[in-house]
Structure formats: C-alpha cells, structure tokens
Amino acid sequence: MEGGAGRGLECQKIMDGKANDVNGSEKAIPSCCFKARASASELDAKCHSTVVSGWFSESHSCSGKASKRVYFNNPMWPGEAHTLEVKEILYKGKSEYQEVLVFESTSYGKVLVLDGIVQLTEKDECAYQEMITHLPLCSIRSPKNVLVVGGGDGGVLREISRHSSAEQIDICEIDQMVIDVSKKFFPQLSVGFEDPRVRLHVGDAVEFLQSTPKGKYDAIIVDSSDPVGPAQELVEKPFFETIARALRPGGVLCNMAESMWLHTHLIQDMISICRETFKGSVHYAWASVPTYPSGVIGFVLCSTEGPPVDFLNPVNPIEKLEGATKHKRELKYYNSEVHSAAFALPTFLRREVSLLRDQGR
Ligand code: SPD
C-alpha cells in the first residue's frame, strides 16, 4: 500500500473491512460494489474498496479471479474514472440504501461519496447547490412553499434559506445516514437544517408526494443521486406526474439532469417526459462542477400551466433580495448573469433539445 502513514493505515483498514462509524467507533465494512458484482460472475468477483493506493476512483472496482486484474467501470460513465488523492478516510458505512464514504482529499477538501459516486466536495459544492436552488427560486416571485426531494446533506436547504419569502421548506430524504453524516462532517452544508422553516421528512419521496395536497408547492427541487439504485424512479414519468400535481399553477421544478457530454439520451428522455407532463415551459441549464463526471452537471427546469415563467430572465433577482447574497455564507457561484448564461446550450445539445420540441414531444 502506497501513500502517507495516516493514509496507508486508513486504507489498510478499509481493505481489512474495518472503518469508523459516525461516532468514531470501529465498525465492520459491508461488502462493496454491488453493481460491479452484478456485472461480474459471482465466483469471479472479489470486491475492493474504491480507495486504492491512496487514490479514490469514482468507479466500481472488482478483481477478476481469472485475470487477476482490477476493473474500473461505472455503468453511468463507462470507460472513464475520475480520481482524487485521499489524505484520510473519515467514515465508511452502509445504510439500508447505499454505501456512504467520507474522505479528506488533498485538493478538494472533504468529499461525500454514495455508492462509489462523488456527491459533493467542500471546494466545489457551491456551484451545484446554488444553481439547483436559485435557478428555480429566482424565476418566480416570492416563493413561499418549497420542497426538496433528496438533498439530505442540507446544502440546498442552506441556499433556500437565503429567500426570506419562503415560509415553509419541506425536505423528503430517504436516507437518515446521509443526514447524520453531513451533520458530523459537513456542518457548512447541514447548517441548512437549522432554519426554523425547515420540516424534515425521512422517507420515500414518491409516497410523500402522493399524500401531498394538490397544488401545494411554489417550487420543487429534486437533488437526487444518479438514477441507478434508490434514485432510479426519480427520472420516470410517474414521478414527474406526482411532482406536477403537487405544484401550484405556474409552479416550478428544478431537477438534477446529469452531464450533456455523457448522458444526452437520458436528458432527451427527461425533457421529452417533462414536455408531456408540464404544460408551461421546459428548459435545460448547466453548471461547471469539476468533481462531477465530465466536469459539468445539468438541470431540467419546468413550469406548470398557469402564470408563464420566463426561466431565462430572473424576475426575482438574488441581488435585489435583502441580505440574500451574504446569508450564512457569501454566494460563490450564482448571480443573475450566470443564471441567464446557464441556459445557453452548445450546438449539439441545442439540436437534441429543439428536435424534441419540433416533434412536439
Ligand atoms: N454524479 C453526481 C450527481 C450528484 C447529484 N447530487 C448531489 C447532492 C448534493 N447536494
């Protein structure tokens, strides 16, 4: 095992199947790499941690008995794996839903990883959380009732709390462990839970939305993990229908929508479903997040039938909301200029997205 003394020890612990739990006590590490296992023959698959020789790789690694090689491949981005140097592993555990890993990286601060996929780093989380929140909330006047689906780290809540118009901020997160881990290791995000307007619901978002009164929310933000595992149904039509039902006329949805470089078909599918489901407008925007695959992440923004929403020109500019740009933490990425620019699409993507519109899908 390579790496510094501390790092070597922590990595060895992981390889030995031990790590510290949220409270610091040593805990057995569950078998890793369920997805890699599924793609390898059971006898041939021997799973390793995703931390090898002091480097975390966003992949599912599995050594084949026959070839004695380590494979790195993630079904969401086959053929590539982003890698970060690990200073220290801080936590590894398994919830009912997913594997949870927190490590200190040498270049991006602390990193939260779910099922082998980077969810956020201290250095660049600002771009994702600010954009997924303010793109929708600055596109409507005085948002009052807001729902976050997922987002258990609290970063999106922190951003919503800049909007003094918000009266009730609901969050439905399925995995209590994500909330606990964030409160312990990412206090600058979990601070979002401290806002008295926040109501936490731990459970399934589909069930939560089904029991939500029709037209309750002005805005819904879906801050999910990638659509493999627990988040799969969050990109399917029935889910979007329950969202549309829960929004008021002219209400808005902002949904995490992957990378334009890697997931054009998924984006096309989402836009197509949203055009069928939401009778207002549907747009795609994007932001630069260096630690997400291909360095960018996108968002689908939709509005329901009702007062028209012009997503491209914010009617509720953040700079005009008293104290908003400095609330809890100064904005680092989002501003009104970035807002409008985020909807400018490269030619290849514009073609794909407008093709759907021309086909009336
Ligand atoms: N490919 C990673 C996408 C992660 C989206 N969710 C991030 C959660 C941060 N609040």
Side-chain angles (χ1 to χ4, degrees), residues 35 50 56-60 74-78 80-84 97-102 108-136 146-161 169 171-175 177-179 181-183 185-193 198 200 205 220-232 234-235 254-263 266-267 270 285-300 329 332-334:
K35 291 174 193 112
T50 45
F56 164 83
S57 190
E58 194 173 56
S59 60
H60 296 283
N74 186 295
M76 285 295 291
W77 31 88
E80 60 184 87
H82 185 224
T83 303
L84 289 168
Y97 302 99
Q98 55 206 341
E99 289 192 359
V100 181
L101 170 71
V102 179
Y108 280 86
K110 281 188 240 142
V111 183
L112 173 66
V113 178
L114 299 180
D115 271 350
I117 298 177
V118 171
Q119 299 301 307
L120 62 92
T121 79
E122 286 183 311
K123 184 171 175 176
D124 65 5
E125 57 89 10
C126 57
Y128 177 85
Q129 328 273 7
E130 291 178 17
M131 291 294 274
I132 199 170
T133 305
H134 304 304
L135 287 176
V146 184
L147 169 66
V148 182
V149 171
D153 51 72
V156 170
L157 297 176
R158 178 194 70 203
E159 293 305 315
I160 297 172
S161 69
I169 308 170
I171 174 167
C172 185
E173 162 64 54
I174 200 165
D175 196 342
M177 187 182 274
V178 174
I179 300 167
V181 162
S182 183
K183 285 186 174 169
F185 296 104
F186 299 94
Q188 73 283 23
L189 282 97
S190 64
V191 66
F193 284 100
V198 170
L200 169 63
I220 298 179
I221 297 169
V222 180
D223 175 18
S224 61
S225 45
D226 298 284
V228 278
Q232 172 62 46
L234 304 189
V235 291
C254 185
N255 203 114
M256 189 278 282
E258 299 296 347
S259 158
M260 63 174 118
W261 292 109
L262 304 172
H263 307 114
L266 178 65
I267 295 166
M270 285 176 81
W286 61 281
S288 157
V289 183
T291 55
Y292 285 164
S294 82
V296 296
I297 191 105
F299 312 97
V300 169
R329 176 181 70 59
K332 292 186 188 168
Y333 186 96
Y334 179 87

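From a predicted model like this one, the values you see are computed outputs, not experimental measurements. Residue numbers count from 1 along this sequence. Both counts, for ligands and for their atoms, begin at 1 and track the order of listing.
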Looking only at the side chains, is there a donor atom on one of Y128 and D223 sitting less than 3.5 Å from an acceptor on the other? yes
Per-atom filter on ligand 1: closer than 4.0 angstrom to a heavy atom of D153 are 8 (C), 9 (C), 10 (N)
Are R329 and E159 close enough for a salt bridge, meaning some N to O gap below 4.0 Å? yes
Please check this pair: side chain of S161 against backbone of R158, looking for a donor-acceptor N/O pair closer than 3.5 Å. yes
Run the salt bridge (Lys or Arg N to Asp or Glu O under 4.0 Å) test against E122 and tell me which residues pass, sequence neighbours left out. K110
Any chance you could lay out the side chain to side chain donor-acceptor pair (under 3.5 Å) test for D153 and Q119, step after step, and finish with the verdict? CA-CA 9 Å; D153 51 72; Q119 299 301 307; over 6 Å; no
Ligand-side contact atoms (ligand 1) for residue partner Y292, heavy atom cut-off under 4.0 Å: 2 (C), 4 (C), 5 (C), 7 (C)
Atoms of ligand 1 less than 4.0 Å from D223 heavy atoms? 6 (N), 7 (C), 8 (C), 9 (C), 10 (N)
With a 4.0 Å heavy-atom cut-off (strictly under), which part of Q129 contacts ligand 1: side chain, backbone, both or neither? side chain
Starting from atom 2 (C) of ligand 1, which protein heavy atom do you reach first, and at what distance in Å? D226 OD2, 3.3 Å
Roughly how far, to the nearest 0.5 Å, is the CD1 atom of I171 from the CD1 atom of I179? 6.5 Å
Here the atoms of ligand 1 under 4.0 Å from any heavy atom belonging to Q119 are 4 (C), 5 (C), 6 (N), 7 (C), 8 (C), 9 (C)
I'd like to know if S224 contacts ligand 1, where contact means a heavy-atom distance under 4.0 Å to any ligand atom. yes
Should you measure from each heavy atom of V118, which atoms of ligand 1 turn up under 4.0 Å away? 2 (C)
